[in-house]
Amino acid sequence: MTGAAAESRLLDGFRHYLREGHFLAEAPQLVPLSLALYRRLGGGAPVERAELAVDLNLTAEALNADLRAVPESTIDIDANGAIVAFGGLSVIPASHVFKVGGLELYTWCVFDALFLPRLLGKSAISVTRCPVTDTQIEISLTPTAIISSRPASPVMSIVAPNKESCRENLRGAFCNHVNFFADENTFRDWRGDRPDVAHVSLEEAQELARQRNQYRYGHCLAALEQQHG
C-alpha cells in the first residue's frame with residue numbers, strides 16, 4: 001500500500017471512530033450528561049455531583065447510575081467524588097493547555113481543543129508544543145472557526161483506534177497519539193515508516209471536529225445553543 005493510500009485508510013478509520021467508535025453511539029441517553037459535564041468543567045472547577053444532578057433534573061441515584069455507565073477511561077474523579085476531567089477536558093494539569101474565559105484548563109489531546117469551543121459556547125486558545133521541535137503552537141478559536149495559528153501551518157497526527165481499546169484506555173489508545181506538529185515536513189520526519197499514523201491539516205482537523213460534534217450531539221447541541229442564544 002502506498003503512503004497516500006495508507007493515510008487515506010487511516011483517515012477513513014478515524015472518521016469511523018468519530019462516527020461510531022464512542023460510548024455515546026450505544027448510550028444516547030447519556031448525551032445530556034456529557035454536554036453538562038463539559039459545560040461545568042468549562043467553568044474551571046471540579047464538578048460536584050449535586051450540582052450536576054440539578055443541571056440534569058436527576059435524583060442522586062439516577063445521576064450515579066448514569067456516571068457508572070461512562071467508561072472509566074473517559075472520566076477522572078477525585079478523592080472526594082468530584083469530577084475533574086471528562087472526554088478530553090480537564091481542570092487538573094494534562095498534556096495540553098486550553099485557555100477559555102480567562103481560565104487555564106487542559107486537554108488530553110490537541111483534537112479536544114478543536115471541538116470543545118462549540119460545546120462550551122466560548123472562544124478559546126489552544127497552547128501546545130511540537131513533539132519534535134518543541135516549537136510552541138498556539139491556535140485561537142471561536143465556537144465555529146479558527147481565528148489564527150502560530151506557526152501558520154501546523155498539522156495534526158491521527159490514528160484509527162477501535163472502540164474497545166478506547167473504552168479500556170482512551171488516552172493510551174487515542175489521545176497520546178494525537179498532537180500538533182510545526183509543519184508537514186516535521187511530521188513526516190517523525191513518522192518515518194510507521195504505518196499506524198497519518199496527518200491532516202489544521203483546517204481538515206477543524207472540519208473533523210465539527211463532524212464529531214454533529215455525530216455525537218446533533219440536535220441536542222443545536223437546542224442548547226438556541227436556548228442560550
Side-chain angles (χ1 to χ4, degrees), residues 7 10-11 14-15 17-18 35 37-46 76 84-159 170-172 174-192 194 197-214 216-217 221 225:
E7 290 220 351
L10 278 167
L11 181 55
F14 183 65
R15 288 197 179 104
Y17 164 70
L18 295 180
L35 283 171
L37 275 171
Y38 278 130
R39 294 214 162 194
R40 277 287 181 178
L41 287 168
D76 286 348
V84 295
F86 169 75
L89 179 61
S90 178
V91 299
I92 59 175
S95 299
H96 313 277
V97 174
F98 183 70
K99 299 179 180 180
V100 57
L103 302 171
E104 186 167 290
L105 307 179
Y106 306 90
T107 63
W108 293 345
C109 76
V110 296
F111 187 58
D112 302 324
L114 300 181
F115 67 72
L116 281 167
R118 188 180 176 199
L119 300 185
L120 301 180
K122 298 177 181 179
S123 295
I125 298 173
S126 171
V127 183
T128 187
R129 289 191 173 275
C130 173
V132 176
T133 65
D134 200 40
T135 301
Q136 179 169 293
I137 300 172
E138 183 174 306
I139 299 168
S140 297
L141 306 123
T142 71
T144 58
I146 296 167
I147 299 302
S148 64
S149 173
R150 294 182 296 175
S153 301
V155 301
M156 188 182 81
S157 56
I158 60 170
V159 292
L170 178 61
R171 275 161 274 192
F174 180 72
C175 302
N176 296 346
H177 307 284
V178 181
N179 294 286
F180 279 130
F181 291 77
D183 53 42
E184 184 175 345
N185 288 334
T186 301
F187 166 80
R188 292 192 181 280
D189 288 343
W190 169 84
R191 182 190 63 181
R194 286 183 60 182
V197 62
H199 79 286
V200 293
S201 69
L202 177 57
E203 292 74 19
E204 290 168 330
Q206 177 68 4
E207 173 58 19
L208 291 167
R210 186 198 66 78
Q211 292 172 13
R212 178 199 186 273
N213 285 339
Q214 185 62 30
R216 300 192 184 199
Y217 302 106
L221 180 56
E225 290 171 335

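Here the straight-line distance linking atom OH of Tyr38 with atom CG of Leu116 works out to 6.0 Å at 0.5 Å rounding. To the nearest 0.5 Å, the span separating CG on Asp183 from OG on Ser201 amounts to 13.0 Å. The structure places NE2 of His199 at 3.5 Å from CD of Glu184, a figure rounded to the nearest 0.5 Å. Put simply, OG1 on Thr128 and CZ on Phe180 are 8.0 Å apart, with the number rounded to the nearest 0.5 Å. To the nearest 0.5 angstrom, Arg191 atom CZ is 4.5 Å from Glu7 atom CD. One distance of note links CG of Leu170 with CG of Asn176; it measures 9.0 Å at 0.5 Å rounding.
What you find for Ile146 and Gln206 is that their closest heavy atoms are CD1-CB, 3.6 Å. The two atoms that bring Leu114 and Met156 nearest to each other are CD1-SD, 4.4 Å, heavy atoms only. Of all heavy-atom pairs spanning Leu89 and Gly42, the tightest one is CD2-N, 3.9 Å. Across all non-hydrogen atoms, the minimal contact from Ala182 to Thr133 is CB-OG1, 4.0 Å. Contact between Pro46 and Val91 at its shortest, heavy atoms only, is N-CG2, 4.0 Å. In terms of heavy-atom proximity, Leu103 sits nearest to Gly43 at CD1-O, 3.3 Å.
Put simply, the side chain of Leu41 does not reach to within 4.5 Å of the side chain of Leu105, judged on heavy atoms. Contact annotation: the side chain of Arg212 approaches that of Leu119 to within less than 4.5 Å [non-hydrogen atoms, C-beta and beyond]. For the pair Trp190/Asn179, no side-chain contact is recorded, criterion being any heavy-atom separation below 4.5 Å from C-beta on. Looking at Cys130 and Phe181, their side chains come closer than 4.5 Å, going by heavy atoms from C-beta outward.
Side-chain contact of Asp189 with Thr186: a donor-acceptor pair under 3.5 Å is absent, judged by distance alone.
Two rings, from Tyr217 and Phe115, have their centers 6.0 Å or more apart.
In this structure, the side chain of Ser90 does not engage the main chain of Tyr106 through any donor-acceptor pair within 3.5 Å. No donor-acceptor distance shorter than 3.5 angstrom exists from the side chain of His96 to the backbone of Arg129, with no hydrogens or angles considered. The backbone N or O of Cys109 sits less than 3.5 Å from a side-chain atom of Asp112, completing a donor-acceptor pair. No donor-acceptor pair under 3.5 Å is formed between the side chain of Ser126 and the backbone N or O of Ile139.
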Next item on the list: Any chance you could lay out the side-chain contact (heavy atoms from CB on, under 4.5 Å) test for Leu10 and Val159, step after step, and finish with the verdict?
Entry: CA-CA 6 Å; Leu10 278 167; Val159 292; 5.6 Å; no
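By the neighbour-count criterion of 12 heavy atoms within 6.0 Å, atom CZ of Arg150 is sparsely surrounded, having that number or fewer from other residues, nucleotides or ligands.
Only one option out of Phe98, Phe14, Tyr17 pairs with Phe111 in a ring-ring contact (aromatic ring centres under 6.0 Å, His included); it is Phe14.
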